[in-house]
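This report concerns only the one structure given below.
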Amino acid sequence: VKDNLFPTPPLFKLIQDSSGTDWKEMYQVFNMGHRMEIYLPKEYADQVIQTAKAFNVEAQIIGHVEASTEKKLTIRTEHGEFVY
């Protein structure tokens with residue numbers, strides 16, 4: 001579940017406005033400003049975030065993993081909730 005994403009960069013808002021592309025498809029096709037995601041135990045997150053910030057790279061926890069019987073990704077954003 002990704003429920004704490006960075007704000008959508010203006011470039012992707014421009015692409016969406018100009019093309020009329022549905023926000024669900026935008027999150028499926030584009031990285032929406034998220035350059036890299038690292039999946040690791042929560043207890044290591046702060047250390048990784050501080051290391052990134054030492055290199056002037058914005059970093060934050062953007063979500064969490066939940067047990068599931070199926071492969072599924074849920075993205076909750078300012079533009080809606082999308083399930084893939």
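Only this structure's heavy atoms are used, side chains among them; waters, hydrogens and symmetry mates stay out.
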Do Glu78 and Thr8 have side-chain atoms, one donor and one acceptor, less than 3.5 Å apart?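 Thr8 and Glu78 do have a side-chain donor-acceptor pair below 3.5 Å.
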
Quick check: is Phe12 connected to Leu5 through a chain of hydrophobic side chains (ILVMFWY, heavy atoms under 4.5 Å apart)? yes

With a cut-off of 3.5 Å and sequence neighbours excluded, list every side-chain donor-acceptor pair involving residues 28-35.
residue: Asn31; atom: OD1; partner: Gly33; partner atom: N; Å: 2.8
residue: His34; atom: NE2; partner: Phe6; partner atom: N; Å: 3.3
residue: Arg35; atom: NH1; partner: Gly33; partner atom: O; Å: 3.3

[X], [atom1] atom: more than 12 neighbouring heavy atoms under 6.0 Å:
{"X": "Tyr84", "atom1": "OH", "answer": "yes"}
{"X": "Glu58", "atom1": "CD", "answer": "no"}
{"X": "Gln47", "atom1": "CD", "answer": "no"}

Nearest 0.5 Å please: distance from the [atom1] atom of [X] over to the [atom2] atom of [Y].
{"X": "Phe82", "Y": "Glu25", "atom1": "CZ", "atom2": "CD", "value": "11.5 Å"}
{"X": "Ile75", "Y": "Ile62", "atom1": "CD1", "atom2": "CD1", "value": "8.5 Å"}
{"X": "Ile38", "Y": "Ile49", "atom1": "CD1", "atom2": "CD1", "value": "9.5 Å"}

Between Lys2 and Glu37, does a salt bridge (charged side-chain N to carboxylate O under 4.0 Å, His left out) hold up when you go through it step by step? CA-CA 11 Å; Lys2 297 180 185 180; Glu37 294 179 6; 2.9 Å; yes

Do the non-hydrogen side-chain atoms of Val48 and Leu40 ever get within less than 4.5 Å of each other?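 Val48 reaches Leu40 side chain to side chain.
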
Are Met26 and Lys24 close enough that some pair of their side-chain heavy atoms sits under 4.5 Å apart? no

Ring-plane angle category for Trp23 and His79, please: parallel below 30°, perpendicular beyond 60°, tilted otherwise.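 Parallel: the ring planes of Trp23 and His79 meet at under 30°.
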
